[in-house]
Amino acid sequence: MSLTIYGLDVSQPCRSVTWALRMKNGDFTYETIMPGSPKPGGSRHPDFLKLCPAGTVPVMQDGATVLWESNAILNYLADKHGWNDLYPTDLEK
């Protein structure tokens, strides 16, 4: 699996993504990104902005698929891996 999560551990949205992946024993790499920083390793650095024009974290890169915002990432992962206990497909649940 070529799944990479870019974020910062103190960010609640980043933690929600990594917690879900850890709960499900997901195979992923975690890259720390400093929000708001224009320096290398920062969310406003030109290299990171190529990946995520919004300059926010968390960001998920799964091969050619790139998503940002924790809800979008969690929905993607649940749909891809069938995590119906986290995101039920039955809307009434």
- If you group Ile, Leu, Val, Met, Phe, Trp and Tyr by side-chain heavy-atom gaps below 4.5 Å, do Ile73 and Leu86 land in one group?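 Per the 4.5 Å side-chain linkage, Ile73 and Leu86 are co-clustered.
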- Query: Do Val17 and Met23 belong together in a cluster built from hydrophobic side chains that touch within less than 4.5 Å?
  - Reply: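 Hydrophobic grouping puts Val17 with Met23.
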Can you tell me how far apart [atom1] ([X]) and [atom2] ([Y]) are? Round to the nearest 0.5 Å.
X     : Y     : atom1 : atom2 : value
Trp83 : Asn75 : CH2   : CG    : 11.5 Å
Glu69 : Cys52 : CD    : SG    : 8.5 Å
Ile5  : Phe28 : CD1   : CZ    : 7.0 Å
Asp79 : Leu77 : CG    : CG    : 9.5 Å
Arg15 : Ser70 : CZ    : OG    : 11.0 Å
His81 : Tyr87 : NE2   : OH    : 14.0 Å

- Query: Counting only N and O atoms by type, is there a donor-acceptor contact under 3.5 Å from the side chain of Ser2 to the main-chain atoms of Gly63?
  - Reply: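 Yes, because the side chain of Ser2 sits within donor-acceptor range (under 3.5 Å) of the backbone of Gly63.
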- Task: Can you run down the side-chain hydrogen bond (donor to acceptor under 3.5 Å, both in side chains) pairs that involve residues 43-55, sequence neighbours left out, and say none if there aren't any?
- Result: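 For residues 43-55: none.
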- Message: As a test of understanding, state which of Leu3, Thr18, Leu21 forms a side chain to side chain contact (heavy atoms under 4.5 Å, CB included) with Tyr30.
- Response: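 The option that passes is Thr18.
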- Message: Do Thr65 and Met60 have side chains that approach each other closer than 4.5 Å (heavy atoms only, starting at C-beta)?
- Response: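 Side-chain contact under 4.5 Å: yes.
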- Task: Please report the closest heavy-atom contact between Cys14 and Gly7, naming both atoms and the distance.
- Result: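 For Cys14 versus Gly7, the nearest heavy atoms are SG-CA, 3.6 Å.
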- Item | Atom of Leu49, atom of Gly55 and distance for their closest heavy-atom approach |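 So the two residues come closest at CD2-CA, 3.7 Å.
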- Message: Through direct or indirect side-chain contacts below 4.5 angstrom among Ile, Leu, Val, Met, Phe, Trp and Tyr, which residues connect to Leu51?
- Response: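 Members other than Leu51 - counting any ILVMFWY side chain reachable under 4.5 Å - are Tyr6, Ile33, Phe48, Val57, Val59, Val66, Trp68.
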- Side-chain cluster (under 4.5 Å, hydrophobic types only) that Met34 belongs to, other residues: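 Hydrophobic cluster check, Met34: joined to Leu8, Val10.
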- Task: Please test Asp62 against Lys80 for side-chain contact (heavy atoms from CB on, under 4.5 Å), starting from the C-alpha separation and ending with a verdict.
- Result: CA-CA 11 Å; Asp62 186 12; Lys80 180 176 180 176; 2.5 Å; yes
